[in-house]
Structure formats: C-alpha cells, structure tokens
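Scroll down for the structure; my scribbles are underneath it.
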Amino acid sequence: MKKFILLIFLLFLNCSVFANVFEHPQTLSNITGQLPELNSITCKFRQEKTVSTAKLKSSGTFKFVKNEGVTFYTTYPTTFTTTYNSSEYKQINDIINAISNKSYSKIEKAFNFYFDKTQDNWQLGLKPKSNHPSAKYLKSIEIYGKSYINQMIITTVNSTKTTIWFEK
Amino acid sequence: MMKKIRIILIIVFALLSILGICRLKPLETGLLQGFLNSEHEELIQLSDKSSSTIGVLIESDDIDKIEEIKNNLPNSENFDELIELYKSHPENFITPHRRSLLKNKKYNELAQESLEQLYNPLGIFIQTPDKDPYLFVTDYIMNLRNPYFDNEIREFDGKYYTKISLPASEIKTLTNLQKKNPIYLTGTPVHAFVTSQKSAFEINIICIISMFALILLCKKYFNSVKILIPIALSIIFGFGTGFFTALAIFGKLHILTIVFATSLIGISLDYSLHYVINKDIIKNLTVSMITTVTAFLLLTLSGIELLKQIGVFTSFGLIGVYLFVVFFLPLFKLSPKHKTLTYPNIPTKIVFASIIILSVIGLFKIQISDDIKTLYSPPKTLLNAEILSRKVFPAPQVSFITVKGNNIEEILQKEETITDNLNSDFFSMSRLIPSQKRQEENIKLVNELYTNNLSSYADFPIQKKSPAPVSFDLQNKFMLDDKTSFIIVFDKDAGDINLTRDISEIMKNLRLRCVKIIPIIFIMYFILLSAFFRPKKALKIIASPLIASIFAISAISVLGIPINMFHILSIFLILGFSLDYSIFMSDQSSKDAVFISFASSFLSFLLLSFTSFKLISSMGLMLSIGLMSSYILSLTLFRDKI
C-alpha cells in the first residue's frame with residue numbers, strides 16, 4: 001500500500017490555485033515531458049493529517065537521495081525517523097527510483113493520471129485504477145509544483161486527508 | 001450332489017452381493033488412508049486439510065488484466081467481514097508485542113510507537129485515530145501473517161502475478177477456464193484430478209490391448225474365442241466373490257485394493273485354462289488355492305489396512321474362482337482341441353548364474369526411499385506451475401501443533417498458552433480471533449491505558465464506546481473435528497507434526513513390517529506345500545517365486561530406482577502368480593496354460609510399467625520383471641518334467 005503513496009514527495013515552491021485537476025485526464029506520455037527533473041534534495045516539510053474533525057500536525061526535515069530512497073525526520077510533535085530505504089521497503093524504493101529516472105511504467109499500471117498546467121505551475125493527479133488493490137485504501141493523490149514539487153495531498157477512502165508541504 | 005452345491009454357491013454369492021451392496025461406500029482414494037490407521041487419524045486429517053485447496057496463479061503482462069482474469073474465476077473467500085469486525089472492536093485485537101507493553105505498563109513506549117505510526121507521512125490507518133487512537137487495529141492487521149489472505153500482486157520476470165485459493169470442488173471449472181485464461185493451477189487436488197484422468201485413460205488402453213492379446217492367444221491356441229466365455233465367467237465370479245466379501249467386511253475399500261486385486265484376473269485365467277486343458281488338474285489346483293489363500297490371509301494380520309483388504313479380497317476371490325472352476329466349468333463340457341506349443345531349450349545353469357549374478361549386483365546397489373513424494377512424478381506442466389508459484393510466492397516449510405478442548409473457548413485458550421511460548425512465527429485460529437478471555441483481558445488493558453495515558457497522548461477528539469468480546473466462526477478452516485484445532489508453525493521442526501517427515505517415517509515402519517511378513521509367508525508356503533508334496537519338491541516350488549522376487553528387487557536397483565513400499569507390496573503379487581507357475585509347471589499337461597496365463601499377465605504389467613503414474617508404473621515394472629524371471633525359472637527348474 002505504502003508504495004503507491006510514496007511516489008509523490010519530491011520538492012517545493014509556491015502553490016497556485018488550480019481548478020480541479022481530476023477534470024483533466026491525461027496520458028502519461030503527455031505528462032512526462034512537462035514534469036521537472038527529480039534530483040537529490042533535503043528540505044523542510046510540514047504535514048497535516050485531517051481525521052474526522054481533528055487535525056494532526058507534524059513537521060521536520062525531508063531528504064531524498066536519488067537511487068537511495070527517502071527519509072522523513074519528524075521533529076514535531078515527537079521525534080522519530082521514518083526511512084523508506086531499508087530492504088523492507090525495497091519495492092517502494094524501486095518505484096521512487098523509477099520516478100526519479102522517469103521510468104513510469106510501474107506507476108502507470110496502478111494509477112489513472114490527470115494533469116493541468118497554468119504558466120509555470122502544474123498540478124498532477126493520481127487515482128488508483130478501480131480494480132487495483134490500492135483502491136481499497138487510497139482515494140487520490142494530488143501533487144502541486146512549479147520547477148519543483150511543493151505540496152502533495154493524499155486522500156484515503158476512510159476520509160483521512162494528509163497534506164505535506166515541502167519548503168526550502 | 002453337484003447340483004445342490006451349485007445352488008448353495010449361487011445363494012451364498014447372491015447373499016454376499018446383497019450384503020456387500022448394503023455396505024457399499026465410495027472408494028477411498030487417499031493414499032495415506034490405505035496405510036495409516038486410527039492412531040494416525042490426526043495426520044490424515046491434517047494432510048487432507050492442508051491439501052484441500054487449489055492454488056490459482058494468475059499471470060498477465062498487464063497489471064489491469066489481473067483483476068479482469070480474476071473476475072472470470074469462481075469467487076475466492078475474502079476476509080472483509082473479519083476486517084470489519086477488527087475495525088469495530090479495536091480494543092479486542094492486540095498484537096503480542098503491544099500486549100506485553102500494556103501488561104508491563106510501558107505506556108510511554110507504546111504511545112511513542114503509536115505516534116510514529118500516526119504521523120508516518122506515508123502511513124495508513126485501517127481504523128481512524130478518533131476511533132482507535134493508538135492504532136491497535138492497524139498494528140494487528142499489519143502483523144498478521146496470513147497465508148489465506150490472497151490477492152497480493154507481485155511482479156516476477158517482467159510479468160504480474162496474483163494467487164488465490166479455491167476449494168477442490170472447483171477443479172473441473174478451473175481446468176476448463178485454464179483453456180481460455182492465463183492461469184496456473186497448483187496444489188494436491190489438481191495433481192489428483194489430472195493424474196486420475198490420465199491414469200484412467202492409460203489403464204483403459206492397457207485393458208483393451210491386453211484383452212485383444214488374450215483373444216489372439218486363445219484364437220491361435222484353441223482356434224476359437226468361445227473358450228473365453230467360461231473363462232470370463234470364472235473371472236467375474238472370482239472377482240465378485242472377493243469384492244463383495246471385502247465390502248461386507250470393510251464397507252469401504254481403498255482404490256489400491258482394487259488395483260492389487262487385478263492379480264485375481266490373472267490367477268482366475270490361470271485356473272480356468274488349466275482346467276480347460278487338463279481336467280485331471282484338480283489336485284494341483286487345490287494345492288495352489290490352499291497355499292495362496294493361506295498366504296494372502298496372513299496379510300490380514302499385518303495391521304496395515306490396505307494389506308488386510310488385499311488379503312481378504314484376494315483370498316476369497318481365489319476361493320470363488322476355485323469353486324467356479326470345480327463346480328461350474330464342468331457344465332460347459334469344454335474339451336477344445338488345441339495346438340501344442342514348443343518351448344526353447346533354456347540352458348539352466350546359464351539362466352541361474354545370470355539371475356544370481358544380477359541379483360547380487362543389484363543388492364549392492366539397493367537404495368531405499370520412504371519419501372512419499374517419490375511415488376509421484378507430476379506432469380511437466382503441473383511441475384512448472386508449482387515451480388513458478390514457489391518462485392513468485394515463496395512459501396515457508398511448516399509443521400503443525402494440534403490442540404484439543406471440549407469447546408471452542410477452551411481450544412482458543414489452549415492455543416494462546418502454546419503460542420505465547422512459541423519462538424517461531426505461526427498462524428492459528430486464536431491469532432485471527434482470540435479467546436473471549438483474552439479479548440476481555442485486552443479490553444481491560446486498553447481501558448487502563450486510556451485512563452493513564454490518553455489525555456496526554458491525544459489532543460484530538462475520541463469516540464468512546466463500551467467494548468465487549470466478539471466471536472467469528474473460523475472452525476471450518478482450523479478444526480480437524482469438533483474438539484481438535486491445529487496451529488500452523490512456520491518452521492518445519494518447531495511443531496509436533498511435520499507431515500512429510502512423519503508420513504515418511506510411518507511408510508518406513510510399514511515397509512519394514514511388510515519385509516518382515518515376507519519370510520513368514522515363504523515359510524508358511526513351504527509348510528503347506530510339504531503337506532502335499534515331498535519337501536524337496538516343495539522347496540523347488542517356492543524357489544522360483546523367492547529368487548524371482550529377489551531378482552526383481554535387484555533389477556529395479558540396477559536401474560537406479562530406489563525401492564519403495566510399493567515394490568515390496570509387489571512381491572506379494574509375484575508370489576501369488578509365480579507359485580502357480582511352479583505348481584502347475586510340475587505337471588506336463590499344464591505348461592501351455594501356464595504360458596498363456598504368464599503371457600497375458602506379463603503383457604498387462606509390462607504395459608502398466610509405461611504408465612505416467614509413478615506408483616502404478618513402478619509396480620508394473622517390478623511385476624513384469626518378477627513374472628518373467630519366475631516363469632523362466634519355473635521353466636528351467638521343472639524342465640525334466642516338461
């Protein structure tokens with residue numbers, strides 16, 4: 001499951017207001033050329049999980065090392081490290097590497113893609129294909145970016161919404 | 001007088017038939033059931049349980065098509081209902097690790113673990129934190145190692161695969177669907193289905209060939225095929241007597257009993273031909289019947305269910321054939337003209353020396369195998385499916401622990417006591433649905449946690465409710481009977497029962513027991529033959545089957561085939577056939593009947609040795625070698641009489 005959510009976090013900058021991206025289905029071949037190059041990066045992140053009426057806020061440092069994996073160093077409200085480059089997450093890593101190397105075939109099998117672009121700002125939407133196992137848990141992923149990714153929103157079927165902001 | 005006896009025989013046969021039909025039950029086809037008795041009941045049940053499902057491996061280049069293909073298949077069992085139960089009762093289902101933290105009141109440690117899960121950027125909640133603030137359900141489900149939860153999609157060698165389990169009853173549907181869908185079928189029911197279909201086809205072909213060969217032999221020898229009518233009737237009467245007697249005694253017969261009892265056909269043919277060719281053969285016929293029946297009756301003392309059945313079936317079948325030949329064949333007024341066969345002058349010393357040398361060489365090469373898996377070589381397609389399935393979804397070797405109790409609650413509690421102290425990973429009914437007692441404990445522990453830690457842990461609203469123990473019926477998956485469940489341990493040595501190891505051990509003991517019976521039978525033969533013939537002649541008569549049996553075992557060993565239980569069992573059949581060859585060969589006028597009987601039996605068993613089912617083919621090979629050597633030996637041993 002986690003592997004399908006993983007694809008996402010890659011970088012920063014402002015977020016413009018877009019229309020609903022899910023009104024713009026696109027083929028991956030059309031999107032690929034318009035997405036930024038994904039290189040190793042370390043930045044701050046803020047996260048907000050909305051569960052029912054509660055908002056769970058956290059923040060820390062995000063690190064992505066190309067061909068190695070991603071790590072979230074959460075420092076608030078508690079300190080812990082979540083690493084996705086261990087052998088346990090090998091499949092996730094494979095997918096991250098596929099993204100960073102612009103080899104999207106694995107993601108294409110799992111998601112329907114939506115894309116919209118206004119000037120320099122772009123918005124990518126991913127919805128699990130209805131017959132894919134991840135559709136049981138994951139509703140959608142939205143990624144906002146400009147020259148880098150700056151925000152992503154993960155919505156699950158049990159109405160949990162996780163928003164992560166990546167900030168330099 | 002003869003007429004009265006005939007009427008009595010017909011009445012007895014009719015009564016036996018009625019009694020047998022009344023007790024008739026479907027044939028037992030499980031291999032283990034033929035060898036194991038009531039003390040091995042758990043082993044049989046576990047074996048049945050662990051091999052009762054078909055593994056369906058779905059393959060596709062496109063991950064989307066996996067679901068499409070799955071939609072074409074019968075519905076597999078899903079555990080959504082159980083997941084919903086977990087979600088609605090988060091306090092009831094707690095992993096051993098978290099239970100330990102709760103029992104030791106390590107609330108801060110537990111809270112930290114929960115927070116890490118809660119704030120994990122890519123983490124998911126199976127139940128939301130407002131209903132399950134410490135994410136007990138998510139932790140519980142993530143820690144379930146459940147071989148029954150199928151549907152995971154894996155990528156292997158550039159293709160996508162998923163595996164589902166379906167009941168054995170779907171085998172016909174699945175084999176049909178396999179023609180149109182890229183699926184691989186694995187598991188015992190598939191092998192049993194394919195092998196039985198193939199074996200049935202092969203055996204039918206062999207029966208047809210053997211029948212034509214026999215017709216041809218009779219045509220050539222008697223210049224008529226009418227002779228086959230009384231012979232066929234004697235076979236039917238003998239086989240019927242054996243079958244109905246065995247049914248009346250045992251009720252349910254094993255399929256291998258029928259396979260072994262086919263020797264009756266050969267012996268029935270033997271007896272009938274001897275009578276047709278020479279009416280003065282009654283003494284030899286009686287001696288042959290008494291010795292063979294006594295030897296086969298000894299099998300009933302073996303303690304092995306299959307041997308008991310073979311013993312009763314064959315003994316009473318032989319008595320039936322004998323009575324038919326003596327009391328009914330005279331009615332046919334048979335005195336057909338026949339040709340006289342000429343026999344090659346076999347150099348006795350060379351034959352003996354060759355057989356002895358080959359026997360000695362073989363005995364040095366002998367290898368024993370009690371591994372039940374060696375009795376079966378799967379067809380290439382099924383073997384490839386099994387290999388692929390294991391590569392894509394590697395399965396650990398398992399052992400089992402059985403748990404007894406008077407009711408489900410007692411069984412679950414006992415399972416928990418055992419698994420709490422188990423160092424290996426396991427899967428059990430109590431792992432999916434804990435006992436009421438354990439659930440109550442969990443609820444109490446969670447309530448204590450909420451009282452002591454929740455206010456400092458969660459700054460979000462919690463939906464509180466009054467939890468209570470729940471139940472879920474999983475008995476058909478984990479119960480062997482009303483009072484016995486089983487735990488699957490993912491370590492081949494950690495459980496009490498390892499099916500492969502234990503069955504092989506039992507097969508070894510049975511093989512040894514059979515080996516011990518063989519000399520007793522030979523001694524019994526000698527004693528009985530000595531009552532009718534001089535000891536020297538008795539010794540000469542049993543020399544042929546004895547040497548032939550040793551030679552057959554040696555020849556199999558020379559071919560590099562490990563000796564198994566069925567090779568040993570084949571010796572009993574070699575004895576049944578070849579003792580007759582020796583007894584009748586001592587009578588000049590019976591040699592042609594012996595040859596026709598030998599030729600037809602040898603051809604049948606030789607053809608059987610080419611069948612695809614290894615168990616049958618190994619018996620066929622052993623019997624054809626045994627019969628050939630026994631016939632040649634009897635021909636040379638009694639050459640002076642011929």
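Only the backbone of Thr79(A) comes within less than 4.5 Å of a heavy atom of chain B; no side-chain atom from C-beta onward does. Looking at Lys55(A), there are no atoms closer than 4.5 Å to chain B (heavy atoms on both sides), in backbone or side chain.
Other residues, nucleotides and ligands contribute only 12 or fewer heavy atoms inside 6.0 Å of the CG atom of Asn423(B). Atom CD of Glu448(B) has more than 12 heavy atoms from other residues, nucleotides or ligands within 6.0 Å. Atom NZ of Lys87(B) sits in a crowded spot, with more than 12 heavy atoms from other residues, nucleotides or ligands closer than 6.0 Å.
In plain terms, the two heavy atoms of Lys49(A) and Asn120(B) that are nearest each other are NZ-O, 2.9 Å.
With 3.5 Å as the limit, one finds no donor-acceptor pair spanning the side chains of Glu116(B) and Thr82(A).
In this structure, OG1 in Thr78(A) is found 9.0 Å from OH in Tyr119(B), a value given to the nearest 0.5 Å.
The shortest distance between side-chain heavy atoms of Phe80(A) and Leu115(B) does not fall below 4.5 Å.
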